[in-house]
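Below you'll find the structure, written out as structure tokens, and then a few comments.
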Number of protein chains: 2
Amino acid sequence: MRDLPTSLLMFIASRYAQNRIFEAGREAGLTDVTFAQSRLVAGIDPDGTRLSVLAERAQIAKQTATALVDKLERAGYVERVPDPADGRARLVRLTARAEAALPIARAEETRIEREWEAHLGTERMGQLREALVMLREITDPYLER
Amino acid sequence: MRDLPTSLLMFIASRYAQNRIFEAGREAGLTDVTFAQSRLVAGIDPDGTRLSVLAERAQIAKQTATALVDKLERAGYVERVPDPADGRARLVRLTARAEAALPIARAEETRIEREWEAHLGTERMGQLREALVMLREITDPYLER
DNA sequence: CCAATATAGTTCGATCGTAGGACTACTTCA
DNA sequence: TGAAGTAGTCCTACGATCGAACTATATTGG
């Protein structure tokens with residue numbers, strides 16, 4: 001077995017988790033939400049978030065975010081409301097339907113973390129998280145989140 | 001700052017590395033290779049690899065792999081040769097042009113690893129790698145690689 | 001040996017994700 | 001108030017993705 005780059009090892013594990021979460025959603029009936037869409041949804045704050053902020057958080061262009069929100073809106077997961085603070089802007093907000101779906105993803109996330117901790121042991125899992133949090137300081141372009 | 005899921009922390013760091021490597025390639029003149037294509041290329045063995053194996057390694061459908069190889073072939077990075085062991089199959093092989101480009105990616109990879117180690121310290125970097133390698137045991141569907 | 005079945009790869013067609021450029025509406029600031 | 005900046009959208013184009021159907025070759029049971 002070759003010595004894989006650290007970043008590739010991270011990619012393997014994170015893709016695994018993404019697939020699991022995605023699959024859990026689908027089994028719960030969320031057949032019409034794609035991965036890119038769910039990544040955008042993950043960036044929506046409780047009180048709604050501007051489209052340009054969502055684009056920034058997901059690291060995609062505004063036009064892409066517009067397209068994704070269009071589809072999410074048509075499927076009934078988000079709505080666009082005027083931003084009272086700025087007439088040009090609109091806030092993207094989760095609908096009740098989306099709020100109902102979120103716990104599914106969170107539960108699967110928790111399940112995965114527990115499995116990982118069981119495999120690594122509490123100490124190693126803690127070290128893993130510590131290192132990843134530190135790494136974020138030099139790899140995340142949007143730390144303000 | 002919220003407590004992000006471990007898998008998301010991994011995603012952030014691995015995406016950063018991917019972007020860096022991709023950018024390094026582009027600065028070195030590899031303007032015509034996309035990210036999906038390079039992920040496919042990464043799965044090619046020195047003696048050539050069957051398309052279906054590449055698809056499996058990259059976790060994409062055969063049709064997708066066909067399309068990617070088509071583009072890579074047109075750009076002169078890979079070639080298809082008959083598989084002497086099976087008349088139905090063909091081996092996808094790197095061309096000299098691709099072989100010449102590989103060191104660029106590897107060098108950037110090495111640079112990133114060094115930066116991470118400098119930020120985390122040798123011990124924590126070692127712990128990070130150890131945990132990730134262990135995690136691979138339960139998250140990588142293609143460990144035989 | 002051959003017919004049935006399986007496998008490797010391709011083609012077709014559809015959909016999603018992505019972004020550059022140009023545009024409209026609104027805001028900010030000198 | 002007018003010029004410059006910003007939020008979001010529309011148009012257009014292309015890459016990635018895959019289900020379904022197809023061709024060519026291989027394998028296998030009788």
Side-chain angles (χ1 to χ4, degrees), chain A residues 11 15 18-19 22-23 25-26 30-45 47-75 77-93, chain B residues 11 15 18-19 22-23 25-26 30-45 47-75 77-93:
Chain A
F11 180 71
R15 180 173 55 183
Q18 285 163 4
N19 286 341
F22 193 70
E23 199 53 41
R26 213 166 53 180
L30 294 175
T31 55
D32 51 354
V33 183
T34 67
F35 179 60
Q37 288 167 21
S38 63
R39 242 177 49 208
L40 196 97
V41 165
I44 301 177
D45 297 310
D47 299 330
T49 308
R50 290 192 191 177
L51 183 132
S52 51
V53 174
L54 292 182
E56 201 176 53
R57 288 181 180 172
Q59 294 193 37
I60 55 179
K62 281 190 304 176
Q63 303 97 308
T64 306
T66 298
L68 292 175
V69 169
D70 283 348
K71 290 185 183 102
L72 284 165
E73 193 169 32
R74 244 180 287 133
Y77 290 106
V78 306
E79 57 187 355
R80 283 185 246 229
V81 299
D83 183 343
D86 189 331
R88 294 166 300 180
R90 304 160 80 178
L91 295 177
V92 178
R93 276 205 316 219
Chain B
F11 179 71
R15 181 172 55 184
Q18 286 162 4
N19 287 341
F22 193 70
E23 199 53 42
R26 214 165 54 179
L30 294 175
T31 54
D32 51 353
V33 183
T34 67
F35 179 61
Q37 287 166 22
S38 62
R39 240 176 51 206
L40 197 95
V41 165
I44 300 177
D45 297 311
D47 300 329
T49 307
R50 289 194 192 174
L51 183 133
S52 52
V53 174
L54 293 183
E56 201 176 54
R57 287 183 180 169
Q59 294 195 38
I60 56 179
K62 282 190 305 176
Q63 306 97 303
T64 308
T66 297
L68 292 175
V69 169
D70 282 349
K71 290 188 183 98
L72 284 165
E73 195 170 30
R74 244 180 286 133
Y77 290 107
V78 306
E79 56 186 356
R80 284 187 247 229
V81 299
D83 184 344
D86 190 330
R88 293 166 301 182
R90 304 160 81 179
L91 295 177
V92 178
R93 275 206 316 219

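Proteins get letters first, then strands, A, B, ... in listed order; numbering begins at 1 in each.
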Using a cut-off of less than 4.0 Å, is there contact between a side-chain N or O of A/Arg80 and OP1 or OP2 of D/dG8?
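Answer no for this pair, as no side-chain N or O of A/Arg80 is under 4.0 Å from OP1 or OP2.
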
I'd like to know if A/Arg88 reaches the base of D/dT6 with its side chain such that a donor and an acceptor end up less than 3.5 angstrom apart.
yes

Between [atom2] of [N] and [atom1] of [X], the distance in whole Å:
X       : N      : atom1 : atom2 : result
A/Arg50 : C/dA25 : CZ    : C1'   : 14 Å
B/Leu40 : D/dA16 : CG    : P     : 10 Å
B/Leu54 : D/dT17 : CG    : P     : 13 Å
B/Asp83 : D/dA26 : CG    : C1'   : 12 Å
A/Asp32 : C/dT15 : CG    : P     : 15 Å
B/Glu56 : C/dG9  : CD    : C1'   : 15 Å
B/Asp70 : C/dT10 : CG    : C1'   : 9 Å
B/Leu51 : D/dT25 : CG    : P     : 17 Å

Within the 4.0 Å heavy-atom criterion, would you say B/Asp86 contacts the bases, only the backbone, or no part of the nucleic acid?
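The residue B/Asp86 makes sugar-phosphate contact but no base contact.
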
Counting the atoms with a prime plus P, OP1 and OP2 as sugar-phosphate, which does A/Thr66 contact under 4.0 Å by heavy atoms, base, sugar-phosphate, or nothing?
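The residue A/Thr66 makes base contact.
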
Pairs involving residues 61-72 of chain A, ordered by first then second residue, that meet side chain to side chain donor-acceptor pair (under 3.5 Å) (sequence neighbours left out)
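Passing the test, one end in residues 61-72 of chain A: A/Asp70-A/Arg80.
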
salt_bridge(B/Arg57, B/Asp45) N-O dist < 4.0 Å:
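Salt bridge present between B/Arg57 and B/Asp45.
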
Within the structure provided, determine whether A/Thr31 and A/Arg26 are in side-chain contact (heavy-atom separation under 4.5 Å).
yes

For a 4.5 angstrom cut-off between non-hydrogen side-chain atoms, does B/Val78 reach B/Val69?
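Yes, side chains in contact.
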
How close do B/Leu54 and B/Gly43 get, counting heavy atoms only, and between which atoms?
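Minimum heavy-atom contact is CD2-O, 3.3 Å.
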
Looking only at non-hydrogen atoms, find the nearest pair between A/Tyr77 and A/Val33 and report the distance.
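For A/Tyr77 and A/Val33, the tightest heavy-atom pair comes out as CE1-CG2, 3.4 Å.
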
Give a yes or no on whether A/Arg93 atom CZ has more than 12 heavy-atom contacts from other residues, nucleotides or ligands under 6.0 Å away.
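Result for CZ/A/Arg93: open.
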
Produce a footprint string for nucleotides 17-22 of chain C: one letter per nucleotide, 5' end first; B if the base is under 4.0 Å from any protein heavy atom, S if only the sugar-phosphate is, - if neither.
SBBBB-

